[in-house]
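Reviewing the structure listed below.
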Number of protein chains: 2
Amino acid sequence: MTTLQFSNGCSQSQKAYTSKDPPLFFVMMRFNIKNAILLLLLAIILMNGSDLNEKGFDIQGSEEIDCDINGEYVIGCRKEGEEVYIPFSFLHRYFEIYGKLSTYDGLEKFEWSHSYSRIYHPKSKYEPRGVYMYFENYNVEVRDRVKCVSATEGVPVSTQWESQGYYYPTQIAQFGLSHYSKNLTEPEPRRKLIDDGEKEVAKWIIPASATLNRIFIKELNTQAFEFKTSENYIEPIKLKMDHVLDFVMMVDILLNGNSSLTVVLQNRETKDAYFLHYITTDILITVQDSNIYHGIGMIPKWKRLTRDLIVDLQKGLSYASKDKSKHKIPRSKLKIININLRGSGAVDNLTLSSSEHIQQFYDAAEWFVKHQDKETGGWPIPVKRNLASGFLVLEKGWLSAMGQGQAISVLARAYSHSGGDQRYLHAAVNGLKPFRISSSEGGVLAIFLNKYNWYEEYPTKPPSFVLNGFIFSLLGLYDLANIAPIEYAEEAEYLYNDGIRTLKNILPFFDMGSVTSYDLRHFTLGIAPNLARWDYHATHVNQLLLLSTIENEPLFKSTAERWIGYMSGKRADHN
Amino acid sequence: MTTLQFSNGCSQSQKAYTSKDPPLFFVMMRFNIKNAILLLLLAIILMNGSDLNEKGFDIQGSEEIDCDINGEYVIGCRKEGEEVYIPFSFLHRYFEIYGKLSTYDGLEKFEWSHSYSRIYHPKSKYEPRGVYMYFENYNVEVRDRVKCVSATEGVPVSTQWESQGYYYPTQIAQFGLSHYSKNLTEPEPRRKLIDDGEKEVAKWIIPASATLNRIFIKELNTQAFEFKTSENYIEPIKLKMDHVLDFVMMVDILLNGNSSLTVVLQNRETKDAYFLHYITTDILITVQDSNIYHGIGMIPKWKRLTRDLIVDLQKGLSYASKDKSKHKIPRSKLKIININLRGSGAVDNLTLSSSEHIQQFYDAAEWFVKHQDKETGGWPIPVKRNLASGFLVLEKGWLSAMGQGQAISVLARAYSHSGGDQRYLHAAVNGLKPFRISSSEGGVLAIFLNKYNWYEEYPTKPPSFVLNGFIFSLLGLYDLANIAPIEYAEEAEYLYNDGIRTLKNILPFFDMGSVTSYDLRHFTLGIAPNLARWDYHATHVNQLLLLSTIENEPLFKSTAERWIGYMSGKRADHN
C-alpha cells in the first residue's frame, strides 16, 4: 500500500501500511449470542479474499454525505451519528495544511502539520565572530538554482533570475557564511595529503613523452613539481587511485595555456566513469558526454583551487538535463580512480579532504574584495529584477542591502579570522556607503512614511520593505560594528541602531494575525499582502530570536513567540 | 435525531435526519457467487435489531486512525484507502469555521460556512438624504445592551459599559438613523387615531370621582381634553380596548405631578396582564411584578410621547431578569385591553400605529440639539472606557468621532427633512469642532506617523485607529458637506477629503491576508493584531462598497472585493 503524502517540506520516515483487524472483532463482540454462528460465516467471508476482506468495514454507521462548501461547490464527506468527517485532501487544498500517514512501532497514525518549517532556538548570545545564524545547516552550492561553483573564483554562480548564470553577491555571501559556520561546528576534516612536493610525493605514472620535475618555487617559497606532457595530449601524466568518501580536493596549481588537471570518478556499481576537467579557459562549465569541464581562467598563475568534486560532478550531470534531481549519485557509490595532468604547469599541496570550509569561506571573502565597486562601495547585481507588477524593474547593476549586509558579515569575519587583513576591513567599511544613499539614487535606503530608515533587499520604486532582507542587513552592520576597530565601527553602529529603531516601530505591520507578510507591498502598491510562505515565516522568527539575544527589546521576543504559535495553527484573537 | 449545529450566526431551517440504506446493498452486489448464501445470513443479522442494523455500515473500509495535531495532541479520525477524514467538530474549533446539517427535499447535506456575516451590495450611489447604509435593517432598541428607551428623551439608554445605563451618542444616532431609514423603506404605517379631542373622540369611562373636559389648548392651538381623577388614584379614567398588531403609541400629553398614563397589555393565551405606566418622575425604568414604570420627567409640560409598547414591555420583562432572551412574548400573542389615566393633565392626538419612525428619528435629532456641549461641539460620553490593556483609560466625558459623525448624519438629515430647521444645522456644524482637536486635548484627532489625519472612534493614548468608526465618521462629514448650505459645508468637506486621503493611504494596513484588523493597536501597542470578527469584517466591506459609490477610488473597490473573498475562505497569495 502506498503512503499518503500531502506535505511539501516536512518529510519523515514512513513505514509500510499494516492493516488493522481488531476494530472489526470489537464490533462483532457486541452481537447477541443468537448470532454466534454467523461469526463463523463472516469469518469465512473475511478469509475469502473478497473486497470486504481486503478493506474491512471497521466503523459501523459511516455514511456518505454531501458537504456544500460556502455555497460554491460540493465535496463528498462522511457522517457518523452527529459527527461529520471532512476529507483531508480537501482541507490540504483549502487551508494549505499538510499531513501524512506514518507508522510508528507498527501503529499507523496520521500526522497533521500546520506548517513545514523549522525554528532554530539560539543557545547563546549571537557572536559576530561565531556561527552566522543557523547557516551551518545551509548547503548553498547544491541548490538547483546554483549553476556551478566557478573554478576561477571558487564561488557559486546563480541562475535564479537569468539562466546563463551570474555572480549574485547575496548567494556568494551565504556560501561563504555557511562554510565559515560549518568550519566552526563540524569536526576537524579528514585530510589525505597526496603530493606536497617534499614530505609526501605521489607515484605519478609519467609516459615517455612527458616529464615531471620536483623543483623549488621561489614565488611560494616551497618545494613543488612541474610537469609537461606531449603536445598531442594523448598521454597524460597519471596518478592511479582508489579513494573513497572524502571528495574535497585542494591544490595549489599553475597551468599554462591548453593544460588541464582531470579527476576521474567512477560509479562503483555501474563502473561508469566521469571526468572532471579543470581547464585553462574562462568557461564556467560545459559538458560533453561524461566529460565535465570547469574553467580556471586563462592567465597562467599560481592559484589555490578548492573543489568539492561531488558538487562539480552533480552540476555537470544536471547541466544539460531538465530534471535536476534525477542525476544525483550518492557519495557512497563513488570513488576517485585517477588524477591526470595534461599540458604543462606546476602542482603543490594536492590534498583530498572531507571538507575545506575555511578555504571556501576565503574564496567568498576574496570575491568581495575583488569585485567591489570602489566608488559606490557596492557589489552590483548584474541582472535585472522584476519583483512584482507595480514596482519599477530594478535595472542591471542594482544593489541589495541584504547582499551588502551579508558581504559585510563575510568580510568582518575574514578580517577577524585572518588576524587583521586590512583589505577585508576596508571592503566591509566601504560596503556601508549604499546604506546612506536613497534607492532612487542607486543606494538601498528607503524611508517609511518620512520617518523610519529602512534598508532594502530590493531597492524598488515604490519601496517594498522586505523584512527578512532588512534584518539580514542589520546583522552585517552589527557584525562590523562589533569586529571593526573603534574608528571604523562608528558608521556601522549608527546605521545598525537606526535600523533597529525602525524595526521596533514597524515590525507589527508584518503581523497578519495567523502568518506574516513577506514585505509591505500591500501598503506601497495598495494590493493584497504578499504573505510569507512558511520557510520565510520561520526565517522571520529565527531572525527575531537571534536579535533577542543581542537587543533588550521585549517586542522582538514576544513577537517571535506569537509567530511561532502561528506555525501550529494559533491565531491572534478576534474581537 | 437531533441536528448538528456548529454555527453561531447563519441559522437556516433544519429537517429531521433520514437514514439511507442503498450503499449497503451496493457493497453486497460485489460479492462473488460462492458467497451468495451468506447474503441471506447477513440479512438476518441486519433484521435482528442489532447495532449493526440500526446504524448500517454503508461505507466499507472506514477505519479509525489517530491524527496527531502538530505534535501537540491527538484526535480520532477515519481512514478509507488513502483518504483520511477529519471530524468537523475539531475543524470548527481549530479554524473557527461553521457548519450544520440541513435537509433539502428530503436529502440531507452538510453546509460549510467560512464566515457568518452579510454583505450589502449598494444598488445606487449613496445619498446623504437617503437611507443610511443598510440601517433600515437595524433595530437598535431591542438589543440586549439597551436598557430601555427613555420616556423623557425618546432615545435608547445603553448598558454596554455601565450597567445602570447612560446615554450613548453613537447608539442614539444609530437609533435615529435606523428609524429614518425604515421610514424611507417601509410602507406607510397603519394608524388608528384613538382621540384627537375633536374629530375622533374615544369612549372614556369616567368614574364619579373624576372629570374629563374637552377644551381648546392655546399653547398647541388645538382641541384636546383635560382630566382629573380622585386624589386616592383608585379609580382611573379608563378606555376599554381590544386592539392588536399595531403597538406604537403616539400621544401629546401634559401630566401634572403624581399623574400617569397606563397601557394595559394582555397575553391572549395566558390572559396575563402587563401594565405599562408612564409616570411623572425622572426614573428611567423600574418594575414591580407586572407593573412596568417609565418616567416622562417631573416638569409638567406638553410633550409628544412616542412609545413602542412592545419594546417597553420587553425591556420591563427583562429588567430584573438575568436571561434577557427568556421573556420575549411574540407580538401576535398580545393585545391592548385598556388605556388608563390617573391624576390630572391633558391629552391630545392619542394614536396607535404600526410604526412612527419619523417621530422616533426626531426624538434622536432633538436629543443631539439638547445635549450638545455648545463650547466643544461634542456629545460627551458619560462613562469611562477601557479599550484594552496598554491604552490609557478614556475618562468620563470623552468624545467619539463615530458618535460625532453619526450625530451629524442624524442632524444633517433632520435639517433637510424639517425643511431647514437651523437648530439642526448649527448643532451639526458645531459637531465638527472635535475633528480638529487632538485626542490628547479632548478631541478625536489622531495623526498616523505625523502624516495622516485620523478621526478616532476611541481617542485613546496611544491612538487605536479603529477602522469602522473612522469610516462612519467620514460618512457624517460627507452628509453634512452635501446637505449644508455652501457657507456651512466647507469645513465638513475639508475634513472629509482629508480623511479620505488618509484612508486611501493606510487602508492596506488593515488587510491581514485572510481577514481584516479591527484597529491598528498592534502597531501602536506592539501586540498581536486585534482581528475583526466576521460582522466587523463585513462592516468594513460594506463601508468600502458604499464609499466606492461616491469616491472614484479603485483601491476601495478592489480591497472590498478581496475582503469579500476572505469570507468564503480565499486568502492573499503567499510567495
Side-chain angles (χ1 to χ4, degrees), chain A residues 4 23 30-31 35 38 41 45 50-51 55-63 65-70 72 77-78 82-89 91 94 108-114 449 451 508-509 511-514 518 522-523 526 528-533 555 562 568-569 572 574-575, chain B residues 4 20 30-31 35 38 41 45 50-52 55-70 77-78 82-89 91 94 108-114 449 451 508-509 511-514 518 522-523 526 528-531 533 555 562 568-569 572 574-575:
Chain A
L4 183 63
R30 296 160 69 183
F31 282 29
N35 294 325
L38 292 170
L41 294 166
I45 301 174
S50 70
D51 282 2
K55 300 223 174 169
F57 48 109
D58 305 355
I59 304 300
Q60 64 175 26
S62 183
E63 298 168 81
I65 186 168
D66 278 352
C67 180
D68 185 315
I69 306 298
N70 300 312
E72 293 174 352
C77 295
R78 297 291 179 262
E82 299 198 355
E83 184 65 272
V84 172
Y85 289 84
I86 313 293
F88 188 83
S89 56
L91 299 171
Y94 189 94
E108 191 181 40
K109 69 175 180 176
F110 186 70
E111 295 180 314
W112 166 297
S113 303
H114 199 84
L449 282 177
K451 193 159 180 189
F509 285 130
D511 194 326
M512 298 278 111
S514 59
Y518 177 80
H522 56 295
F523 168 60
N530 178 28
L531 301 181
R533 58 175 199 252
L555 177 71
R562 186 167 63 254
S568 56
H574 59 70
N575 58 358
Chain B
L4 183 63
K20 294 187 298 182
R30 295 160 68 183
F31 283 30
N35 294 325
L38 292 170
L41 294 166
I45 300 175
S50 71
D51 281 3
L52 213 52
K55 301 224 173 167
F57 47 109
D58 304 357
I59 303 302
Q60 67 173 29
S62 183
E63 298 169 82
E64 289 186 27
I65 186 167
D66 278 352
C67 180
D68 185 315
I69 305 299
N70 300 312
C77 295
R78 298 291 179 262
E82 299 198 354
E83 184 65 273
V84 172
Y85 289 84
I86 313 293
F88 188 82
S89 55
L91 300 171
Y94 188 94
E108 190 181 40
K109 70 175 180 178
F110 186 70
E111 294 180 314
W112 165 299
S113 302
H114 198 84
L449 282 178
K451 192 157 180 188
F509 284 131
D511 195 325
M512 299 278 111
S514 59
Y518 178 80
H522 55 295
F523 168 60
N530 179 27
L531 301 181
R533 58 173 199 254
L555 176 70
R562 187 167 63 254
S568 57
H574 60 72
N575 58 359

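The basis for the numbers below is simple: all heavy atoms, side chains too, and nothing from hydrogens, waters or symmetry mates. Labels below follow one simple rule: chain letters A, B, ... track the order of the sequence lines, proteins then strands, and each chain is numbered from 1.
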**Report entry** Aromatic plane relationship, B:His522 with A:Phe509 - under 30° parallel, 30 to 60° tilted, over 60° perpendicular
**Finding:**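 If you compare the ring of A:Phe509 with that of B:His522, the planes turn out perpendicular.
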
Between [atom1] of [X] and [atom2] of [Y], what distance do you get to the nearest 0.5 Å?
{"X": "A:Asp511", "Y": "B:Met512", "atom1": "CG", "atom2": "CE", "value": "7.0 Å"}
{"X": "B:Lys109", "Y": "A:Asp66", "atom1": "NZ", "atom2": "CG", "value": "8.0 Å"}
{"X": "B:Arg78", "Y": "A:Phe110", "atom1": "CZ", "atom2": "CZ", "value": "14.5 Å"}

Query raised in the report: What part of A:Arg562 lies closer than 4.5 angstrom to a heavy atom of chain B: side chain, backbone, both or neither?
Result: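 For A:Arg562, side-chain heavy atoms alone lie under 4.5 Å from chain B.
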
Query raised in the report: Contact part of A:Ile86 toward chain B, heavy-atom cut-off under 4.5 Å: side chain, backbone, both or neither?
Result: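 Both backbone and side chain.
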
Query raised in the report: Side chain, backbone, both or neither: which part of B:Leu91 has a heavy atom under 4.5 Å from chain A?
Result: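 Contact with chain A involves the side chain of B:Leu91 alone.
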
Query raised in the report: Within the distance-only criterion (no hydrogens, no angle test), does the side chain of A:Glu83 pair as donor or acceptor with the backbone N or O of B:Ser89 below 3.5 angstrom?
Result: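 It does hold such a pair.
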
Query raised in the report: Taking all non-hydrogen atoms of both residues, which atom of B:Ala572 and which atom of A:Pro529 are closest, and how far apart?
Result: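 For B:Ala572 versus A:Pro529, the nearest heavy atoms are CB-O, 3.3 Å.
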
Requested in this report: State, yes or no, whether a side-chain contact exists between B:Trp112 and A:Asn70 at a heavy-atom distance under 4.5 Å.
Outcome: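 Yes - at least one pair of side-chain heavy atoms lies under 4.5 Å apart.
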
Report task. Would you check if A:Glu72 and B:Ser568 make a side-chain contact, meaning some heavy-atom pair closer than 4.5 Å? Result ->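 Counting from C-beta outward, A:Glu72 and B:Ser568 do come under 4.5 Å.
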
Query raised in the report: Which of the residues B:Gly569, B:Pro87, B:Pro508, B:Gly526 is involved in the greatest number of heavy-atom pairs with chain A at under 4.5 angstrom?
Result: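 That would be B:Pro87.
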
